Amino acid sequence: MGTDQYTRWRRAQEQRRAPAVREARRLIEQDDFDAAERAVLSVDDSIYGSVAIATLYRDRLSALAAGGGAADRARLVAVFRRAWLWARGCYPDPHTADEGEAFAASRARARAELVDALGFDPGEE
């Protein structure tokens, strides 16, 4: 696939995904995580759909955490865990030692960003 063809394909995917992303954002705000994920994946089950879901959760986590006392700790942690679940899956499998190091560093950065947004590290589950 040439660069122009790939760019057109990506734009078409974004346009197809946009209504589902809007619906997923609404569902995440209602804490209906499974339905939100299904909404996006039903139109785009590629890595780009996964990245869109991870971004929605990261944005929701940031909004909730910025609200101060408006969100309870359990809700914040639940959104964090979903955000981390999706964020850590948005990297290709490493095949070399260098790729493995880059993979680990990228995942560590993604987790650090989520912990920073949350304001504390809830640990692993």
Side-chain angles (χ1 to χ4, degrees):
M1 184 181 304
T3 303
D4 290 341
Q5 187 179 7
Y6 177 71
T7 300
R8 285 192 300 275
W9 176 82
R10 287 275 314 267
R11 285 187 188 136
Q13 283 295 96
E14 289 170 10
Q15 289 174 347
R16 281 188 55 222
R17 194 173 49 246
V21 167
R22 284 191 297 274
E23 175 64 6
R25 181 175 292 113
R26 184 187 68 75
L27 291 164
I28 288 171
E29 288 172 359
Q30 297 175 359
D31 299 330
D32 193 350
F33 303 147
D34 292 333
E37 293 161 9
R38 281 191 307 271
V40 174
L41 295 176
S42 70
V43 296
D44 186 358
D45 64 356
S46 75
I47 187 67
Y48 300 107
S50 296
V51 169
I53 293 168
T55 299
L56 287 168
Y57 281 121
R58 186 188 64 233
D59 292 349
R60 182 64 176 154
L61 178 64
S62 295
L64 285 171
D72 65 59
R73 184 178 175 98
R75 186 176 193 201
L76 285 165
V77 170
V79 174
F80 174 93
R81 295 210 186 290
R82 253 354 216 259
W84 176 230
L85 172 74
W86 284 94
R88 71 179 175 229
C90 291
Y91 300 96
D93 291 332
H95 296 93
T96 66
D98 287 344
E99 288 177 355
E101 289 175 18
F103 175 87
S106 295
R107 286 182 73 185
R109 271 192 307 276
R111 183 170 175 86
E113 289 173 6
L114 294 172
V115 167
D116 186 54
L118 182 59
F120 63 93
D121 189 337
E124 293 287 339
E125 273 191 11

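These figures come from a predicted structure and were not determined experimentally.
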Quiz item: Which pair of heavy atoms, one from V40 and one from A24, lies closest together, and at what distance?
Solution: CG2-CB, 3.6 Å
Practice problem: Please report the shortest heavy-atom distance between F33 and V79, naming the atom on each side. | Solution: CZ-CG2, 3.8 Å
Quiz item: Does the side chain of D121 come within less than 4.5 Å of R111's, by heavy atoms?
Solution: yes
Quiz item: Does R16 use its side chain to pair, donor to acceptor, with the backbone of V43 at less than 3.5 Å?
Solution: yes
Quiz item: Taking atom types as modelled and ignoring hydrogens, do the side chains of R10 and Q13 form a donor-acceptor contact shorter than 3.5 angstrom?
Solution: no
Quiz item: Under the side chain to side chain contact (heavy atoms under 4.5 Å, CB included) criterion, do F120 and V77 qualify, and how do the steps go?
Solution: CA-CA 10 Å; F120 63 93; V77 170; 3.9 Å; yes
Quiz item: Do NZ/NE/NH1/NH2 and the carboxylate oxygens of R75 and D31 come within less than 4.0 Å?
Solution: yes
Quiz prompt | Least distance between heavy atoms, A39 atom then S42 atom | solution = O-OG, 2.9 Å
Quiz prompt | Cluster check I47, W9: I/L/V/M/F/W/Y, side chain < 4.5 angstrom | solution = yes
Exercise. Rounded to the nearest 0.5 Å, what's the gap from CG on L85 to CZ on R82? Could you check?
Key: 6.5 Å
Self-check item: Common cluster, V115/L64, ILVMFWY with side-chain heavy-atom separation under 4.5 Å
Solution: yes
Quiz item: Side-chain heavy atoms under 4.5 angstrom apart, residues restricted to Ile, Leu, Val, Met, Phe, Trp, Tyr: same cluster for Y91 and W86?
Solution: no
Enumerate, atom names and distances included, each donor-acceptor pair closer than 3.5 Å involving a side-chain atom of residues 49-62, sequence neighbours excluded.
| residue | atom | partner | partner atom | Å |
| --- | --- | --- | --- | --- |
| T55 | OG1 | V51 | O | 2.9 |
| Y57 | OH | E37 | OE2 | 2.6 |
| S62 | OG | R58 | O | 3.2 |

Exercise. Can you measure from CZ (R17) to CG (L41) and round to the nearest 0.5 angstrom?
Key: 10.5 Å
Quiz item: Does E23 pair with R26 as a salt bridge, N-O distance under 4.0 Å?
Solution: yes
Quiz item: Salt-bridged, R109 to D116, with N to O below 4.0 Å?
Solution: no
Quiz item: Nearest 0.5 Å, what's the NE2-CZ distance between H95 and F103?
Solution: 10.5 Å
